[in-house]
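To start, the structure under review is shown below, and the notes come after it.
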Amino acid sequence: MKTIHAVCFDMDGVIVDSERLSPMLVREAAKLQGCEMSEQDALRSVGSSVKSLSAILESLFPGKINTKQFMQDWYDLTMTHVRTHGVPLKPYAREILAHLRERGIRLGLCTSNVAKVVLEYLELAGLTDAFDVIVTGEMAPCGKPDPALYLFCAEILGASPEHCAGVEDSFNGVRAVRAAGMVSLMVPDVLPYSEDFAPYVDQCLPDLMAVQAHLESLV
């Protein structure tokens, strides 16, 4: 059995309860340029890097959407919402982070989101000092499902990937964790667990409290 020295968490849908908000704001940002996006297409943005989301938009609206303007509009809409309504956390997010820190486990945040969003989310949520390392989408040449973000996070944490666990909610996310050689834990959010996830997930758990209990057998 592997001993876990570090845990790398995705942000959206794992620590922050934002995955239901994100597709709605993606659709609103597209609509500002006259592009009507279906709910199903917007869900494809879940767990996507800026580069991947831009590719999705260009495939859906070839020659009709300015992706740079879209990203600015999406950022403005997102920040307006969270500054007004706050940043909702997933159940037991604070508890698991505090518990693992007390146990001496190093903590990483490994997200495809952009740094300016991530840092403001953490500040608004009171989690600025919760992680030893924060890795955002701009910090690796490829986004998830490529393992680069997770490998970089492990490197900075000073832990070999085989002694790290990654906690994810998206298909691209668990594929990235698996490709990095980490223990892959999934807590489903917008996307339910299915057999498509099975090759990439060591354990599917209902919430972060269950993740905490499972990690107790690995640390």
Side-chain angles (χ1 to χ4, degrees), residues 8-61 64-98 107-131 134-139 143-144 149 167-173 176 186-192 207-208:
C8 303
F9 291 88
D10 178 39
M11 185 180 76
D12 295 289
V14 173
I15 297 297
V16 175
D17 193 3
S18 56
E19 294 289 47
R20 289 166 181 80
L21 172 65
S22 181
M24 178 186 75
L25 298 182
V26 163
R27 294 179 73 188
E28 286 187 25
K31 194 171 184 178
L32 289 175
Q33 296 190 50
C35 297
E36 294 288 342
M37 199 173 189
S38 71
E39 184 174 348
Q40 191 61 38
D41 283 332
L43 284 173
R44 292 168 59 194
S45 69
V46 172
S48 295
S49 64
V50 169
K51 184 176 179 180
S52 296
L53 179 53
S54 294
I56 291 170
L57 292 167
E58 288 167 355
S59 69
L60 290 171
F61 311 109
K64 296 180 181 178
I65 194 164
N66 181 318
T67 56
K68 185 176 181 180
Q69 183 61 50
F70 170 91
M71 294 302 172
Q72 185 61 52
D73 291 337
W74 170 80
Y75 171 77
D76 291 342
L77 289 166
T78 299
M79 289 301 103
T80 296
H81 185 92
V82 298
R83 288 166 185 163
T84 302
H85 302 287
V87 175
L89 296 180
K90 297 293 288 185
Y92 313 116
R94 294 188 194 280
E95 291 82 352
I96 191 174
L97 295 174
L107 301 174
L109 187 68
C110 190
T111 173
S112 297
N113 215 323
V114 295
K116 62 182 180 179
V117 173
V118 174
L119 296 177
E120 184 147 4
Y121 270 23
L122 294 179
E123 182 177 357
L124 289 169
L127 294 176
T128 302
D129 300 321
F131 298 94
I134 297 170
V135 174
T136 61
E138 309 98 317
M139 299 172 73
K144 305 170 187 177
L149 286 169
V167 185
E168 275 283 357
D169 68 302
S170 71
F171 189 52
N172 282 341
M186 181 182 181
V187 180
D189 187 46
V190 173
L191 303 176
D207 55 37
L208 290 174

Query raised in the report: Does the side chain to side chain contact (heavy atoms under 4.5 Å, CB included) test come out yes or no for F131 and L122, once each step is laid out?
Result: CA-CA 10 Å; F131 298 94; L122 294 179; 4.2 Å; yes
Query raised in the report: Nearest heavy-atom pair of G13 and D189: which atoms, and what distance?
Result: CA-OD2, 3.6 Å
Report summary line: Separation between OG1 (T78) and CG (N113), nearest 0.5 Å, reads 8.0 Å
Report summary line: Between L89 and A93, the two heavy atoms sitting closest are CB-CB, 4.3 Å
Donor-acceptor pairs under 3.5 angstrom involving side-chain atoms of residues 24-35: please list them, not counting sequence neighbours.
residue: R27; atom: NE; partner: M37; partner atom: O; Å: 2.8
residue: R27; atom: NH2; partner: M37; partner atom: O; Å: 3.3
residue: Q33; atom: OE1; partner: N66; partner atom: N; Å: 2.8
residue: Q33; atom: NE2; partner: N66; partner atom: O; Å: 3.0

Report task. Measure the CD1-CZ distance between I56 and F61 for me, rounded to the nearest 0.5 Å. Result -> 11.0 Å
Query raised in the report: What are the two closest non-hydrogen atoms of S170 and G173, and how far apart are they?
Result: OG-N, 3.0 Å
Report task. Look up atom CE in M139 and atom OG1 in T111, then write down how far apart they are to the nearest 0.5 Å. Result -> 11.5 Å
Report task. Go through the structure and list residues passing side-chain contact (heavy atoms from CB on, under 4.5 Å) with S38, not counting sequence neighbours. Result -> Q40, D41
Query raised in the report: What are the two closest non-hydrogen atoms of K144 and N172, and how far apart are they?
Result: CB-O, 3.8 Å
Requested in this report: Given side chain to side chain contact (heavy atoms under 4.5 Å, CB included), test T136 with K116 step by step and report yes or no.
Outcome: CA-CA 9 Å; T136 61; K116 62 182 180 179; over 6 Å; no
**Report entry** Set of side-chain contact (heavy atoms from CB on, under 4.5 Å) partners for E120, sequence neighbours left out
**Finding:** Y75, M79, R83, L124
Query - Qualifying residues under side chain to side chain donor-acceptor pair (under 3.5 Å), relative to S52, sequence neighbours excluded - result: S49
**Report entry** Under 3.5 Å: donor-acceptor pair, side chain of T80, backbone of L77
**Finding:** no
Report summary line: Nearest heavy-atom contact between L191 and M186 is O-CE, 3.9 Å
Query raised in the report: Listed by chain and number, what are the salt bridge (charged side-chain N to carboxylate O under 4.0 Å, His left out) partners of D17, not counting sequence neighbours?
Result: R20, K90
Query raised in the report: Which one of L107, L109, T128 satisfies the side chain to side chain contact (heavy atoms under 4.5 Å, CB included) criterion with I134?
Result: L109
Report summary line: d(I65 CD1, L60 CG) to nearest 0.5 Å is 8.5 Å
Query - Spacing of F9 atom CZ and L208 atom CG [to the nearest 0.5 Å] - result: 6.5 Å
Query raised in the report: Would you say E123 has more than 12 foreign heavy atoms packed within less than 6.0 Å of its CD?
Result: no
Report task. Look up atom OG in S54 and atom CZ in F70, then write down how far apart they are to the nearest 0.5 Å. Result -> 8.0 Å
Query raised in the report: What pairs meet the salt bridge (charged side-chain N to carboxylate O under 4.0 Å, His left out) rule with one or both residues in residues 67-82, with sequence neighbours excluded?
Result: none
Requested in this report: Would you please test I15 and Y121 for side chain to side chain contact (heavy atoms under 4.5 Å, CB included) and show each step?
Outcome: CA-CA 10 Å; I15 297 297; Y121 270 23; over 6 Å; no
